[in-house]
Enquirer: 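Here it is, the structure in full.
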Amino acid sequence: MQASKQYEFGLIGLGVMGRNFILNVADNGFSALGYDLDPGQVEALKEEGGDLEKVNATGSLEEFVHGLATPRKIMLLVPAGPIVDSVIEDLLPLVSEGDLIIDGGNSFFRDTDRREAYLKEKKIHFFGAGVSGGAEGARKGPSLMPGGDREAYGEVRPIFEAVAAQFEGTPCVAYLGPKSAGNYVKMVHNGIEYGLMQLTAEVYDLLRRAGGLGNAEIREVFARWNQGRLQSFLVEITSEILGKKDDLDSGDLIDKILDQGKQKGTGKWTSQNAMDLGIPVPTIDIAVSMRAISAFKADRLRADGLFDRPAGKAPDRETLVRDCEAALYFGFLLTYAQGLHQLAEASETYGYELELATVARIWRAGCIIRAALLEAISMAYEQEPSLVNLVFSQTFRSPLRETVAPARNVVALGVASGIPLPGLSSALSYFDSYTTGRLPMNLVQAQRDFFGSHTYQRTDREGTFHTDWES
Ligand code: 6PG
């Protein structure tokens, strides 16, 4: 490496994501230096980058840090967890006051808060930035969700705005708020991602099993939907997936893929923290649970056939496809509503100062949950920044009225056919609960008071009451 050259941006972790991200930085005119312990990754980047003046790599951490212009901007794209801490420890003796370390992984937000406080003592800026869009997004334009020290973000802002995905000329990146706001928003993004994926899978299953449609037909259906209000990355790739042939065998690849969901944990964290905050996100919860249920493949196989599965009566194909489209839109909208409600509450509780219109805006391109719907969602929050739940938004009143009836038809068909649609059912129940003035929680309260003297409140007078139920 040329000793005098000072690169503008440094990246640690040259796996596919890291390599693609740094190449994207270099393509946008910022010189960048990568570091990885693995010499293979170092060589791969040098080769792919072509011009070492623009993008270079090294396997020596000293060389890496000394090769960066100050204040240094060092981004980590390494697996979340203890590796982040150990990279920070390795960097500490080498970096200088005022340098900036950015964690671009899916780190747990509480770890980000801890690391920020720890590094602040050492006068090193640290912030978490969610990066979404997978390997292709990293190369061509991800959605970036930075949070933390606003001033520190200013140092890296021109680079982030240049590399981010563009939505009609606007970069899909914005400073979101202090502390772990960036990682938190990314975590909820992933929770929503889980929900949308579960809903998509359910509709595919219903079309297949109740509607009798083949892969090619469902592929067409999703491709058509992607031209309308369901236009989104996940609907688009579903169509592509259904068209993929198996190159190891004959037939469609989708039919050979084992039905056991894996997960790295961000969906689970979203659910867990929603519970801590007291915010209902049932469609995200069930998406996490369905990955867990799916893992019990042997049990499921053993139980399959033990019980009768009724044959529900599907409507004609055209009606079924139309209802499914509306139901999927309904489910998508309610999943975004749940996630954004969680963000509103987290913003209050953790002091993130989030603007939900901005969050929705930076999700319009580059990220996994990008969808046409996000444009209207972002406008809804712009018009009403204090909107608690999208269910109350004027913008969505008529789409909800129009799609709830088909959603009921679809859920009813699933129930009648013994085809599980827990994501869609949960979205529908959430909607029905949120829009019901009186829920049967009066009985639950009475039961609590009956067996545990937990007291209750009344609808007709102030105060706290306890009844001697057995007298
Ligand atoms: C993204 C994704 C990504 C996530 C994968 C896998 O926004 O690019 O959310 O960050 O790691 O989707 O997540 P699971 O392994 O938990 O499904």
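Just follow the structure's listing: the first ligand is 1, and inside any ligand the first atom is 1.
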Enquirer: Do Tyr184 and Gln342 pair up side chain to side chain, a donor and an acceptor below 3.5 Å, judged on atom types alone?
Expert: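 The answer is yes; a qualifying pair exists.
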Enquirer: Just jot down the ligand 1 atoms closer than 4.0 angstrom to any heavy atom of Arg291, in number order.
Expert: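 By the 4.0 Å cutoff, the relevant atoms are 14 (P), 17 (O).
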Enquirer: May I ask you to check if ligand 1 and Gln263 share an N or O to N or O distance below 3.5 Å?
Expert: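 Looking only at distances, the answer is no, because the N/O contact criterion of under 3.5 Å is not met.
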Enquirer: Counting only heavy atoms closer than 4.0 Å, does ligand 1 sit against the backbone of Glu136, its side chain, both, or neither?
Expert: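 No part of Glu136 comes within reach of ligand 1.
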Enquirer: Taking a cutoff of less than 4.0 Å between a non-hydrogen atom of the residue and any ligand atom, is Gly133 in contact with ligand 1?
Expert: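 Within the 4.0 Å threshold, so yes.
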Enquirer: For residues Phe30 and Tyr7, establish whether the separation of their ring centroids is below 6.0 Å.
Expert: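 Ring-ring flag for Phe30/Tyr7: false, centres at least 6.0 Å apart.
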Enquirer: Does Asp99 come within less than 4.0 Å of Lys122, counting only side-chain N to carboxylate O?
Expert: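 No, no charged N to carboxylate O under 4.0 Å.
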Enquirer: Assess whether a salt bridge exists between Lys73 and Glu8, defined as any Lys/Arg side-chain N lying under 4.0 Å from an Asp/Glu carboxylate O.
Expert: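 Judged by the 4.0 Å cut-off on N to carboxylate O distance, Lys73 and Glu8 do not form a salt bridge.
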Enquirer: Given Arg408, which partner from the list Asp432, Thr403, Asp323 fulfils the side chain to side chain donor-acceptor pair (under 3.5 Å) test?
Expert: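 So the option named by the test is Asp432.
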Enquirer: Tell me which protein heavy atom sits closest to atom 6 (C) of ligand 1, plus the residue, atom name and distance to 0.1 Å.
Expert: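 Here the closest protein heavy atom is Lys264 NZ, 3.6 Å.
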Enquirer: Below 4.0 angstrom from a heavy atom of Asn106, which ligand 1 atoms are there? Numbered from 1 as shown, please.
Expert: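 Result: 3 (C), 4 (C), 10 (O), 11 (O).
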Enquirer: Any nitrogen or oxygen of Ile368, side chain or backbone, less than 3.5 Å from one on ligand 1?
Expert: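 No, no N or O pair falls under 3.5 Å.
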Enquirer: Against heavy atoms of Asn190, which atoms of ligand 1 measure under 4.0 Å?
Expert: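 In order of numbering, the contacting atoms are 4 (C), 7 (O), 9 (O), 10 (O).
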Enquirer: Once you round to the nearest 0.5 Å, how far does NZ of Lys54 lie from CG of Leu52?
Expert: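 It comes to 11.0 Å.
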Enquirer: Check whether Ser417 reaches the backbone of Ile419 with its side chain - one donor and one acceptor, N or O, closer than 3.5 Å.
Expert: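 Here the side-chain-to-backbone pair does not exist.
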Enquirer: So, does Gly267 sit close enough to ligand 1 that a heavy atom of it is under 4.0 Å from the ligand?
Expert: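 Heavy atoms of Gly267 never come under 4.0 Å of ligand 1.
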Enquirer: Heavy-atom contacts with His189 under 4.0 Å: which atoms of ligand 1 show up? List them by number with element.
Expert: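 In order of number, 7 (O).
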Enquirer: What atoms of ligand 1 come within less than 4.0 Å of a heavy atom belonging to Ser132?
Expert: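 With Ser132 as reference, the close atoms of ligand 1 come out as 1 (C), 7 (O), 8 (O).
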Enquirer: Under 4.0 Å from a heavy atom of Gly134: give me the atoms of ligand 1 that qualify, with their elements.
Expert: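 So the answer, numbered in order with elements, is 8 (O).
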Enquirer: At what distance is the nearest protein heavy atom to atom 16 (O) of ligand 1, and which residue and atom is it?
Expert: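 Result for atom 16 (O) of ligand 1: Tyr194 OH, 2.5 Å.
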Enquirer: Is any NZ, NE, NH1 or NH2 atom of the basic residue among Arg361 and Glu355 found under 4.0 Å from an Asp or Glu carboxylate oxygen of the other?
Expert: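 Not counted as a salt bridge, because no side-chain N and carboxylate O are separated by less than 4.0 Å.
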Enquirer: Do Glu217 and Arg208 meet the salt-bridge criterion of a basic N to acidic O distance under 4.0 Å?
Expert: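 Result for this pair is no, no salt bridge flagged.
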Enquirer: Return the residue, atom name and 0.1 Å-rounded distance of the protein heavy atom closest to atom 9 (O) of ligand 1.
Expert: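 The protein heavy atom lying closest is Glu193 OE1, 2.6 Å.
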